[in-house]
Number of protein chains: 2
Amino acid sequence: MAATSQAVDDYLKAILELSGSATELVSSNALAARLGVRAASVTGMLQKLAAQRPPLVVYQKHRGVRLSSAGKQRAWEIVRHHRLLELFLHNILKYPLDEVHEEAERLEHFISERFEDRVAALLGDPKIDPHGHVIPHKHGTHAFPDEVPLADWPAGEPAVIRSVGDRDPAALRELQRLDLVPGVTIVVKVRNPNAVTLSALPGRNTPFRLSNELVNQIAVAATSR
Amino acid sequence: MAATSQAVDDYLKAILELSGSATELVSSNALAARLGVRAASVTGMLQKLAAQRPPLVVYQKHRGVRLSSAGKQRAWEIVRHHRLLELFLHNILKYPLDEVHEEAERLEHFISERFEDRVAALLGDPKIDPHGHVIPHKHGTHAFPDEVPLADWPAGEPAVIRSVGDRDPAALRELQRLDLVPGVTIVVKVRNPNAVTLSALPGRNTPFRLSNELVNQIAVAATSR
DNA sequence: AGAGAAATTTAGGCATCCCTAAATATCTGA
DNA sequence: TCAGATATTTAGGGATGCCTAAATTTCTCT
C-alpha cells in the first residue's frame with residue numbers, strides 16, 4: 001500500500017462519505033466544502049492522488065472523482081479506525097458522546113494496525129459505533145447499510161432511527177436531550193419547508209417540531225438493526 | 001501557550017532529555033544525532049523556536065540551547081503523554097513492553113488534554129511508567145530523580161535498577177530475558193572497556209557479563225523506589 | 001599563538017499542502 | 001443556441017521542515 005499522509009487520508013475519507021453509490025463521481029466543490037479548503041487545492045491534490053502508483057482515485061477533469069480499489073481500501077480502514085476510536089473513547093475513557101468525534105478525527109490517522117486490533121479486542125469486536133454507524137471489518141470494504149436520511153422518509157410511515165451524525169456536537173447534545181437516538185421509533189406527521197413535525201415521540205403526547213438541521217443528522221430504516 | 005507542531009515537540013523533548021541539569025546547554029550536533037536529522041536542520045529550527053513569542057528555547061549561536069520556561073512546560077507535557085501512553089498500551093491494550101515506545105512516540109503529539117486526563121484516571125493516576133520512569137505531574141515540570149547511569153556506578157556497591165531505556169526494543173527484550181528490570185538489585189564486579197561483569201545476578205550463581213550496549217540502558221540508585 | 005580538526009551556520013533547494021487571482025470549461029435558461 | 005452563471009483548473013506564492021554544500025566559527029594541540 002502506498003504511503004498516505006493525513007491530508008491524503010482526509011481526502012479519501014471525504015470522497016468515500018460523499019459518494020452515495022460506488023460509481024458516483026464526487027465534485028471538487030463538494031470536496032472543498034467538506035474539507036474546508038479551496039477548490040483549487042482540491043484539484044491539485046486529486047491530480048496527485050490519481051498519479052500515485054497504484055492510483056488512489058480515478059479522476060476525470062471537470063467531471064469529478066471516485067475512489068480506486070486501493071483508495072477505497074485505505075478510506076475504509078480510516079473509517080474503521082474512526083469508529084473504533086469513537087467507541088473506545090465513549091465506553092472505556094467515558095467521553096461524552098458529543099466529544100468523541102473530534103478526538104477520533106485527530107487520532108484515526110496515527111494509530112497502528114496493532115492498536116486497531118487491540119482496541120477492537122478490548123471492545124469485543126464491536127459492530128456498531130456509539131452513533132449507530134456500522135464499524136467496517138478489517139480489510140473488507142463495506143457497503144452502506146439500508147438507511148435513508150430522515151429527510152427522505154415518507155410521512156406516516158413508522159421509522160426506526162438507525163444512526164445520528166457525529167460531526168456536530170451541539171446537534172448531538174440536542175438529539176440526546178430529545179431521546180432521538182438509534183433504536184427509537186418515530187413517525188413523520190407533517191413535512192414543512194424548514195422542519196418536520198413528529199408524532200408519537202416516545203414519552204411525549206404532543207406532536208413535536210424538529211428543525212431541518214436536526215432532521216439532517218438522522219438516518220432511518222423500516223426495522224431496527 | 002503557543003501552537004506547537006510535531007517537529008517542535010520533538011525538538012523540545014530532545015532538548016529536555018539531553019540536558020542533564022537545567023542550566024546546561026545542548027549542542028546542535030547532539031540534537032541532530034538524537035533526532036535523526038542534519039545539524040543544519042537543527043540550526044534552522046532552533047532559530048525559529050527562539051523567535052517564538054514567548055520563546056520556547058534560549059539559543060546562543062555556536063554555544064547551544066536550553067529550554068525556556070514555556071519550552072520546559074511543553075516538553076514535560078509531552079513526556080507525560082508519552083509515559084502515560086506507554087503504561088496504557090502495556091496495561092490496558094496488552095502491548096509487549098518492547099513495542100510500547102514506538103506507538104507512544106507517535107501518539108504523544110496528538111492526544112488532547114481530555115484524553116490525557118481520562119487515561120490517567122483509568123490507570124489510577126500512576127506515578128511510574130512500565131520502564132520505571134517517573135510520570136511527571138500535570139502542569140508541574142519535574143526534576144530528574146536521583147538515578148545515575150549504571151555505567152557511572154562504583155563497582156562493589158549494590159545498586160537497585162530504577163529504570164531501563166525505552167527506545168531500543170531488542171535491548172529491552174534482552175534485559176527482560178535476563179530479568180534485569182526495575183526493582184532488581186545488582187552488583188558490578190569488574191568494569192571492562194566494553195562491558196561490565198555483574199556478580200550475584202538473581203537466580204544465577206556465576207558472574208555475568210553485560211555488554212555496554214545493555215549497560216547504557218540501565219539507570220540505578222542505592223535504594224528502591 | 002596558530003594550524004588543522006571539529007562543530008556550527010548560511011545559502012540555496014525540494015516536497016507537501018495550503019492560498020489568491022486569473023483563465024477556461026461546463027451548465028442552464030431564455 | 002448562446003450568454004451569463006457556475007464550476008473547475010492553471011499559475012504563481014507562502015509556510016514548514018527537511019536536505020547538501022560551502023562558509024565560518026570554535027576548539028584543541030603543539
Side-chain angles (χ1 to χ4, degrees), chain A residues 1-15 18-19 24-53 55-67 70-71 74-75 78 105-106 108-110, chain B residues 1-15 18-19 24-53 55-67 70-71 74-75 78 105-106 108-110:
Chain A
M1 163 81 65
T4 59
S5 66
Q6 178 175 357
V8 169
D9 285 352
D10 286 339
Y11 276 83
L12 296 177
K13 198 166 66 138
I15 296 167
L18 290 175
S19 58
E24 189 177 321
L25 293 179
V26 176
S27 76
S28 298
N29 244 17
L31 280 171
R34 174 68 159 218
L35 293 166
V37 301
R38 294 312 171 94
S41 306
V42 171
T43 297
M45 180 60 94
L46 294 183
Q47 288 171 343
K48 269 187 225 158
L49 297 183
Q52 298 232 341
R53 223 48 12 165
L56 293 171
V57 302
V58 178
Y59 171 49
Q60 293 176 268
K61 242 191 201 195
H62 296 285
R63 288 237 156 355
V65 267
R66 60 182 181 80
L67 295 174
R74 177 63 184 167
I78 299 297
E105 190 79 358
R106 212 165 348 92
E108 65 188 8
H109 307 288
F110 306 112
Chain B
M1 166 79 63
T4 59
S5 66
Q6 178 174 359
V8 169
D9 285 352
D10 285 338
Y11 276 84
L12 296 177
K13 197 166 66 136
I15 296 167
L18 290 176
S19 59
E24 189 178 321
L25 293 179
V26 176
S27 76
S28 299
N29 245 18
L31 281 171
R34 174 69 159 217
L35 293 166
V37 301
R38 294 313 171 93
S41 307
V42 171
T43 297
M45 181 60 94
L46 293 184
Q47 289 171 342
K48 270 186 224 160
L49 297 183
Q52 297 233 341
R53 233 23 40 149
L56 293 171
V57 302
V58 178
Y59 171 50
Q60 293 177 267
K61 241 191 201 197
H62 294 286
R63 288 239 155 355
V65 265
R66 62 184 181 77
L67 294 174
R74 177 62 182 166
I78 299 297
E105 190 80 357
R106 213 167 347 94
E108 64 187 7
H109 307 290
F110 307 112

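Sequence lines set the chain letters: A, B, ... in the order given, protein chains first and strands last, and positions in each chain run from 1.
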Round to a whole Å and report the spacing from [atom1] of [X] to [atom2] of [N].
X: H62(B); N: dA5(C); atom1: NE2; atom2: P; answer: 20 Å
X: R38(B); N: dT20(D); atom1: CZ; atom2: C1'; answer: 8 Å
X: L56(B); N: dG17(D); atom1: CG; atom2: P; answer: 12 Å
X: L49(B); N: dA15(D); atom1: CG; atom2: P; answer: 17 Å
X: Q52(B); N: dG17(D); atom1: CD; atom2: C1'; answer: 14 Å
X: L31(A); N: dA7(D); atom1: CG; atom2: P; answer: 14 Å
X: Y59(B); N: dT8(C); atom1: OH; atom2: C1'; answer: 7 Å
X: L46(A); N: dC17(C); atom1: CG; atom2: P; answer: 13 Å

For [X] and [Y], work out which heavy atoms get closest and say how close.
X: N29(B); Y: A39(B); result: OD1-CB, 3.8 Å
X: L46(A); Y: V57(A); result: O-CG2, 4.0 Å
X: A50(B); Y: Y59(B); result: CB-CB, 3.9 Å
X: V26(B); Y: I15(B); result: CG2-O, 3.8 Å
X: A7(B); Y: M45(B); result: CB-CE, 3.7 Å

Closer than 4.0 Å, any side-chain N/O of [X] to the OP1 or OP2 of [N]?
X: Y11(A); N: dC18(C); answer: yes
X: S27(B); N: dA7(C); answer: no
X: T43(B); N: dT9(C); answer: yes
X: Q6(A); N: dC17(C); answer: no
X: N29(B); N: dA6(C); answer: no
X: K61(A); N: dT10(D); answer: yes

*Picking from dT9(C), dC18(C), dA21(C), which would you name as closest to the side chain of A40(A)?*
dA21(C)
_Pick the closest DNA chain C nucleotide for R63(A) and for K48(A) by heavy atoms, then say which residue is nearer the 5' end._
K48(A)
*Assign S28(A) to base, sugar-phosphate, or nothing according to its heavy-atom contacts below 4.0 angstrom with the strands shown.*
sugar-phosphate
*Across the strands shown, which category fits A39(B) at heavy-atom distances under 4.0 angstrom: base, sugar-phosphate, nothing?*
base
